[in-house]
Structure formats: structure tokens, C-alpha cells
Amino acid sequence: MKVLGASIALLVTAGALAAVQSPAAAEPQPPKAPTRTGTGGGIATVDPYASQVGQSVLKQGGNAVDAAVAAAAALGVTEPFSAGIGGGGYFVFYNAKTKRVHTIDGRETAPARMRANAFVDPATGKPYPFTPDLVTSGVSVGVPGTPATWDKALRQWGTWSLPRALRPATKLARNGFVVDKTFRQQTIDNRERFKTFTSTRNTFLRINGRNGVPRIGERFRNPNLARTYELLARKGVRELYRGDLAREIARATRFPPRSGLTDLPVPVGRMMRTDLEKYRALNRPPTHSTYRGHDVYGMRPSSSGGTTVAEALNILEQFDLGEMPQAAALHHYLEASALAFADRGRYVGDPAFTSVPLTALLSDAYGAERACALDPEQAATKPVAAGDATPGDGPCPEQAAGRAAPDTENVETTNLTVTDKWGNVVEYTLTIEQTGGSGIVVPGRGFLLNNELTDFSTVYDPADPNRIQPGKRPRSSMSPTIVVKDGRPVLALGSPGGSTIITTVLQTLVNRLDLGMTLPQALAAPRASQRNTADVTAEPAFIEAWQGALAPFGHSLVPAGDAFTSAAEIGAATAIEIGPGGVLTVVAEPTRRGGGSARVVKPN
Ligand code: GLU
């Protein structure tokens with residue numbers, strides 16, 4: 001990104017002091033540990049404050065749903081560049097009473113007036129460059145689904161009211177939190193985008209400070225967000241979908257509050273207040289498949305997470321990974337992932353607009369059919385072709401050549417895992433798409449709007465299930481997953497990471513269920529991601545450990561990372577395992593994104 005010179009005059013507006021960072025040294029962050037074992041409930045998030053909030057809800061007798069919403073609201077404060085009320089997500093819930101899994105699709109939705117050619121620059125007739133044009137734009141903002149998700153989850157399964165669940169996060173926004181390395185780095189990575197909008201600059205950049213970036217150790221307050229949470233507590237989420245806030249959100253996408261300090265193009269959107277009024281978070285049945293005696297539940301389309309993880313597992317189930325040398329098992333993991341990604345590209349989109357062959361994608365029979373294309377000794381030439389998901393092709397149909405699908409998904413989001421003393425489990429992934437979302441803060445409201453509509457295919461193809469259509473939800477990769485064995489939940493996990501979410505969840509499941517790793521080891525292990533592309537993207541530690549052993553199979557490993565992320569990391573997962581006697585192993589990342597925070601109600 002182009003950074004403008006410091007000579008540009010500072011534009012200080014009336015709201016300039018909306019967010020004040022105190023220079024005085026603040027009390028330290030709550031203590032954090034990546035793994036905790038114990039009983040009575042537990043929570044893992046990427047953030048020590050959010051985990052602390054979730055744990056305190058559990059200790060006060062709230063259930064997993066109450067804790068998940070309260071912790072998610074806290075993440076909206078401390079992880080505002082990854083998630084918040086300007087975004088969307090997917091909520092998966094295991095109900096201990098009914099022993100059933102339910103999900104809420106809280107995905108952002110395209111405005112009714114979004115055109116098929118929305119990603120084409122009218123000035124040139126050519127597609128907008130993805131970066132910087134599309135990512136920092138009003139046109140990529142979808143109608144937020146997160147507030148409706150919280151409301152729906154609490155009404156259906158919670159024991160706390162929304163005002164009560166929002167209280168700890170409101171306090172956190174008002175009193176502030178201590179800036180850590182990740183928050184500072186994310187601000188630095190987004191400085192040019194944040195400077196582009198007065199509202200964002202006023203919220204996230206120090207107006208008088210050096211380079212506008214908060215220092216590590218200082219306290220960051222967001223009083224505007226505190227007031228917005230209070231408004232939602234007072235008036236309900238109706239306010240955001242029908243009230244003044246709805247009008248302001250829509251307006252910010254059509255008339256982004258430009259500062260004049262940068263020359264980013266910022267294509268505008270066409271969202272209206274009625275788009276917010278029409279928005280609904282949707283109850284959907286989960287995806288269900290089986291893997292080596294486990295029931296695996298995930299998210300249906302509009303996310304591709306549930307079907308793609310399930311299909312890859314169904315392919316892998318044809319092979320005995322546990323009996324192979326680890327390099328061979330990893331080869332199988334990478335190849336199964338590529339095959340499942342080919343089908344994801346061909347078949348998966350918002351089910352209100354495209355008919356997704358769910359039965360095939362989730363079935364063992366189709367997994368066996370796809371497994372024919374997996375050569376145990378040799379990596380296939382990528383991209384591999386999608387399979388024929390219509391039933392009855394016989395066991396090993398002919399393979400065709402595949403079509404490359406550009407992957408423009410960005411790689412940051414946030415995820416949390418919670419369980420309570422009753423045995424309810426929540427796996428929840430929420431996002432504003434890329435780190436910093438669209439870059440646009442709703443003026444005076446303290447939260448960023450998403451740029452989730454960049455998850456639509458950027459090149460319009462009428463045969464593509466993920467093409468832009470008005471009122472549609474762009475295809476996601478979020479993969480909150482709950483694993484049940486003999487009718488009891490035993491494992492829940494999820495991760496951020498754009499399309500690498502799918503491979504992170506898949507690789508972690510393989511590590512745990514096939515390769516004999518403990519859950520902390522399964523999460524910590526170096527990651528690689530094969531999304532049906534010529535090269536496998538991988539973390540440096542994976543390349544170092546496996547390059548030699550995977551080369552004979554024909555895999556080429558390249559470092560992960562993109563223009564927006566400073567670290568070559570894949571994912572930032574959280575997970576909980578429920579062992580015999582209800583003993584919990586609650587796990588967050590030991591190092592990725594600065595390390596996450598696991599907490600239990602009664603530590604062992
Ligand atoms: N937009 C992504 C998705 O829905 C999530 C964003 C991320 O993880 O970076 O799959």
C-alpha cells in the first residue's frame with residue numbers, strides 16, 4: 001500500500017477524540033495460557049480479555065451460548081479488525097438437553113441493488129483491482145449478520161438477555177484494554193486504509209501521536225463502541241436493522257466518510273436501509289457426516305466449510321492414515337483437500353440461489369468415488385477436476401482436467417469455542433472478512449464495516465454458484481465443527497484464515513484422530529494448505545520439517561502469507577476436547593497471532 005508523506009496536514013474533526021489512548025502505562029493484560037484442563041465449563045479464544053469475559057459468564061451460571069455471545073462482543077472490542085457487529089459469522093450449538101446440533105447462518109448479505117457488474121469499474125469497463133480498490137470500498141460491504149446472530153442465539157438457547165451479555169464488553173470498550181503486539185501490527189498494516197476515512201482515523205489512529213499507531217502497553221478505549229453496545233442493549237438489535245443505525249450503516253457504504261488524506265479509490269456501494277430491514281440470521285440444520293466412528297457436524301452453505309471438511313474426511317476414510325508413515329498421511333491429507341476444493345468451487349454457493357448437491361458431498365459413497373482420484377504415491381496435477389455429484393457414476397469414474405479458480409479470500413477472522421457445566425457446546429467463527437474489514441467505521445459508532453462481499457467470485461461467470469447476485473450471501477469457508485461420539489460431544493474446533501480455515505480444521509482433525517497427537521499438539525503442529533492450486537502453501541516450520549519427505553510425492557511447498565499479513569501463519573484455531581468424566585482440554589494457539597487464551601471454570 002502506498003503511504004502518504006507525513007507532510008499532509010492533519011484533519012481533525014469534531015469526533016477526533018472519540019477514541020482516546022492514554023499514554024500512561026496501563027495495568028497488564030489478563031494472564032493467558034494456551035492450554036487449560038479442568039471441569040465445569042471452559043472457553044478458548046485468541047484473546048485474554050474475551051476468554052476472561054467468557055469464563056466469568058460461565059462462573060456466574062451463564063450457559064455456553066451466553067458466554068459465547070459475551071465473549072464475541074468482547075472480541076468486537078479487543079479484536080475489532082477481525083470481528084464485530086459490522087460483520088457476520090456462523091454459530092454452531094450442541095444442545096445437551098436434546099443432544100442435537102443446531103446452527104445459525106449469520107452471513108452478510110448483498111444489497112438488493114447490487115449489480116452483477118458491481119466489481120467492474122464503470123470508468124474503465126475493467127474489473128476493479130482486488131487491492132486496493134475492492135477491499136477498501138463500500139461496494140464490498142454486506143449487510144451485517146452478527147447482531148442478529150447474537151440476538152437469535154440468546155433467544156433460542158441462552159439464559160441471559162442481550163443487555164446482560166453485552167455488559168462486560170461495554171465496560172471493556174469504555175475502560176479500555178492494553179494494546180499488544182498483534183493489535184499494534186494490525187493497525188500498522190492498515191494505516192493507509194484507516195487514514196482514508198475520518199471516522200476510522202478518529203477511532204483507531206491516534207490523532208496527535210507518532211504515525212497514529214498506538215504503542216504496545218498503552219490503553220485503548222473505544223467510547224463510541226461502548227455507546228453503540230448500550231444502544232443495542234436499550235433498544236435491541238432492531239435499532240441496527242430498522243433504526244437510525246441502519247440508516248447510518250447504509251449511508252456509510254454509499255457515502256464513505258473520506259478524509260482526503262489518501263488517494264485510495266474507494267468504490268461506493270448501493271446498500272439501503274431496507275436491506276438491513278430485510279436481513280435475517282437463519283437457522284439451518286448442520287451438515288452431518290461420519291469419520292472413523294465419529295459424527296461430524298458443521299456449517300451448511302452459505303459456508304463451504306461443512307461440506308468441504310466432510311468430503312475431504314470421507315475421501316480420507318478410504319485410507320488407513322494411522323498405519324502410514326506421517327509423510328504419506330500428509331500427502332493423502334493434501335490430495336483429499338484438493339479434490340474437495342474442486343467440488344467446493346463447482347457446487348457450493350448460497351442455497352437460496354443455487355442447488356448444492358449436499359447429499360453427495362456429505363456421503364461416504366461419493367467420498368469413495370472421489371478417492372479413486374487420489375494416487376497414494378503421487379500428487380495429481382493441479383487444479384484437479386470437480387467430480388460428478390449426480391448419483392450413479394459407478395465406483396471410479398473417469399477424471400477430467402480441472403479449472404483453476406482464483407482464491408482472493410483474505411486470511412483473518414476470529415473464532416471461539418465454549419462449553420458449560422451442562423455439556424452444551426458452542427463453536428462460533430465470526431469475521432469482518434480481511435483484517436480491518438472495508439476500513440470504514442460507521443461515523444461516531446466505533447465499529448468497522450465488513451468487506452465480506454469480496455468473497456463472491458470476483459470475475460462474473462453465470463455458471464458459477466458463487467457469482468454476485470442481489471440479496472445473496474457470498475460463499476464462506478468458515479468451518480465451526482463439533483464432533484460427537486456415541487451421542488456425546490467429544491471435540492469442537494474452528495479457526496480463522498479465509499479458505500485455509502477448511503484445511504486448518506481438516507489438518508487438526510487428522511492430527512488428532514489419525515496421527516495420535518494430543519489436542520494441544522494437533523493445534524500447535526505446523527500447517528500446510530492445499531486448495532487445488534499448483535503449490536501447497538505452508539508455514540515455514542512445515543516446509544522445514546516436510547519438504548524433503550513430501551518432494552518424492554511431487555508436492556511443491558511455498559510459504560504462506562499475503563500482502564496483508566506480516567506473518568507466514570495459517571489460522572488461529574481454538575478447540576475443546578471433552579474427555580472421559582467430562583474432563584476438558586481447552587486449547588488456543590500457543591504462538592500464532594501472539595498466542596491465544598484458554599480458561600476453565602475449575603482448573604485441574
Ligand atoms: N471471509 C472469510 C470466509 O468467510 C473469512 C475471513 C477470514 O477468515 O479471513 O470464509
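Because the structure is predicted, anything quoted here is derived from the model rather than measured. Both ligands and their constituent atoms are indexed starting at 1 by order of listing. Only this structure's heavy atoms are used, side chains among them; waters, hydrogens and symmetry mates stay out.
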- Message: Applying the side chain to side chain donor-acceptor pair (under 3.5 Å) criterion to T574, which one of T414, T429, N415, T45 satisfies it?
- Response: N415

Which ligand 1 atoms, with their elements, are less than 4.0 angstrom from a heavy-atom of [X]?
| X | answer |
| --- | --- |
| I501 | 8 (O) |
| R107 | 3 (C), 4 (O) |
| S477 | 3 (C), 4 (O), 10 (O) |
| G498 | 7 (C), 8 (O), 9 (O) |
| D455 | 1 (N), 2 (C), 3 (C), 4 (O), 10 (O) |

Which atoms form the tightest heavy-atom contact between [X] and [Y], and what is the distance?
| X | Y | result |
| --- | --- | --- |
| Q507 | A528 | OE1-N, 3.1 Å |
| V505 | S495 | CG2-N, 4.3 Å |
| K382 | N532 | CD-OD1, 3.8 Å |

- Tell me which part of R475 gets within contact of ligand 1: side chain, backbone, both or neither, using heavy atoms under 4.0 Å. neither

- Would you mind telling me if ligand 1 is within reach of the side chain of E452, the backbone, both or neither, using heavy atoms under 4.0 Å? side chain

- Would you check the N or O atoms of P496, main chain and side chain alike, for any that come under 3.5 Å of an N or O of ligand 1? no

- Message: For R593 and E569: C-alpha separation, side-chain torsions, deciding distance, then whether salt bridge (charged side-chain N to carboxylate O under 4.0 Å, His left out) applies.
- Response: CA-CA 8 Å; R593 275 225 226 157; E569 292 175 348; 5.9 Å; no

- Would you call the rings of F194 and F81 parallel, tilted or perpendicular, where under 30° means parallel and over 60° means perpendicular? tilted

- Message: For F183 and F177, take the angle between the two ring planes, folded into 0 to 90°, and tell me which bin it lands in: parallel under 30, tilted 30 to 60, perpendicular over 60.
- Response: perpendicular

- Query: Just going by heavy-atom distances, which of N450, T454, T500, T413 is nearest to atom 5 (C) of ligand 1?
  - Reply: T413

